[in-house]
Protein chains: 2
Amino acid sequence: MDTTDRNAAPDSPLGLRERKKAATREAVHRAALRLTVEHGLDQVTVEAIADEAGVSRRTFSNYFATKEDAVLWGEEQQAATLLRSVAERPAGEPPWTALRAALRTLEPGPVSPDRETITRTRLALRHPSLLGRQLATHAGLEQDLARVLTGRGVEPRRSRVLAAAFLASLRTTMRTWVESEHPAELLDLADEVLRLMSLPFDEAPRGDRQA
Amino acid sequence: MDTTDRNAAPDSPLGLRERKKAATREAVHRAALRLTVEHGLDQVTVEAIADEAGVSRRTFSNYFATKEDAVLWGEEQQAATLLRSVAERPAGEPPWTALRAALRTLEPGPVSPDRETITRTRLALRHPSLLGRQLATHAGLEQDLARVLTGRGVEPRRSRVLAAAFLASLRTTMRTWVESEHPAELLDLADEVLRLMSLPFDEAPRGDRQA
DNA sequence: TGCGCAGTGTGCAAGTTTGCACACTGCGCA
DNA sequence: TGCGCAGTGTGCAAACTTGCACACTGCGCA
């Protein structure tokens, strides 16, 4: 049906069926994001999103329960990807290093972490209903991250602290990014914030608290 | 799924389902044409066409019985469109005028009559199996055209002559076009050929034989 | 000649999308 | 207050696609 190429990379181990499902979900998500940015969440109907995505209203419901779900799907997607990436870091790697490294792997995901993440964040700041969900997702991710770190041998309480610090850094990064309209790479900015977070709080920024 | 827009024109009275079917058929046809041009008909497998079009091998078979069918579908499509256009010309219009006018309506069809028609024609000239089918389609069209003209009140034998002359003109046009690699508009060239066809054969090109 | 193999056509079950019907909600308005 | 109406969620049947199995053909090669 698609008139343009969606083949390109023959590297996918997934079957045609699964690739098309992913593409549909992705298309609906992008349509939701696009229309919400343009008209505001309340002015956008499920039907409009479905039309924009090229699917029926019924199919929209097959993928997402609500508009908010569709808009924020990338959020959960990124969370899941990040979680997986951390879990897949080499076993011996110190936790903070693993977290920073995992962040780098977000790039090639189905959702580009630059334009789209900032769009979602701005939408969340504008729409309370989105913000709540976004924070909830973040909170869930924090729990999961801590669990993963514990699974890697980190002491439980320390895992929670690290996960909290890491996500707090990301929120700080996003806040800075959104406010400054900075053209810098999001991931570079995040790296800098993470570095600052890892320094001793009461000393001049020279030592390294990590590991 | 498709990641690019295939909505654009909301003018379609067709439902989503039919539009997607048409898009799939179109995509398979284009894929077949593209690959055949690139590698030659014999080097192209049904599976490769299906992949290129983004559908399964089974789905290819749901739309076309053979590779040749897929490549030449535009041919039959154009024939059907032309036939419909002639039938829809105003009742009082003289037959030759109606034929010329109908030809003009081919443009907005799903198959652009320029780049794609010439491609098909060249392929047909290169592949005997395609040529046979193309000629068969043409022959069928000639019958149908004559029938339509008769339906418009033209005397049967005259209908057949007119249809034959018209299609002969089109073949001549295509031959000229293909050989000259002419940058002129295909339809303009066709018009000129049709004008020549309508002139008295044994006189200087001044009088007008039509109607 | 016979074997293996790529390509093809087709039946069938399972998965996906569509279209439609119906119920329900929230909101403006008489 | 009650009515109408747009938007939404969901069940269901029909339509479409996929994946797989199986049979068949044509071709190269031992």
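Proteins come first, then strands; the chains are lettered A, B, ... in the order of their sequence lines, and each starts at number 1.
- OP1 or OP2 of dT8(C) has at least one side-chain nitrogen or oxygen of Lys67(B) nearer than 4.0 Å.
- Counting any heavy atom pair closer than 4.0 Å across all strands shown, Tyr63(A) reaches sugar-phosphate atoms only and no base atom.
- For the pair Asp42(A) CG and dA6(D) C1', the computed distance is 15 Å after rounding to whole Å.
- Contact check on Lys21(A) versus Glu18(A) returns no salt bridge, with no Lys/Arg side-chain nitrogen under 4.0 Å from an Asp/Glu carboxylate oxygen.
- Side-chain nitrogen and oxygen atoms of Lys20(B) include at least one within less than 4.0 Å of the OP1 or OP2 phosphate oxygen of dT18(C).
- Thr45(B) comes within 4.0 angstrom of sugar-phosphate atoms only, judged by non-hydrogen atoms across all strands, and of no base.
- Regarding contacts with the backbone of dT18(D), a side-chain N or O of Thr59(B) is found under 4.0 angstrom from either OP1 or OP2.
- Looking at Glu68(B), Arg120(B), Gln78(B), Arg25(B) one by one, the single match for side-chain contact (heavy atoms from CB on, under 4.5 Å) with Trp73(B) turns out to be Arg25(B).
- Note on Thr24(A): a side-chain N or O is less than 4.0 Å away from OP1 or OP2 of dT17(C).
- Toward the 5' end of DNA chain C, the nearer of the two residues Ser56(A) and Phe64(B), judged by each one's closest nucleotide, is Phe64(B).
- Nucleotide dG26(D) forms a pair with dC5(C), judged by Watson-Crick or G-U wobble geometry with both contacts under 3.5 Å.
- Remark: C1' of dG7(C) and CD1 of Ile49(B) are 12 Å apart, rounded to the nearest angstrom.
- DNA chain C is contacted by both Arg58(B) and Glu18(B); Arg58(B) maps to the nucleotide lying nearer its 5′ end (nearest heavy atom per residue).
- The shortest distance between the side-chain N/O atoms of Lys21(A) and the OP1/OP2 oxygens of dG15(C) is not below 4.0 Å.
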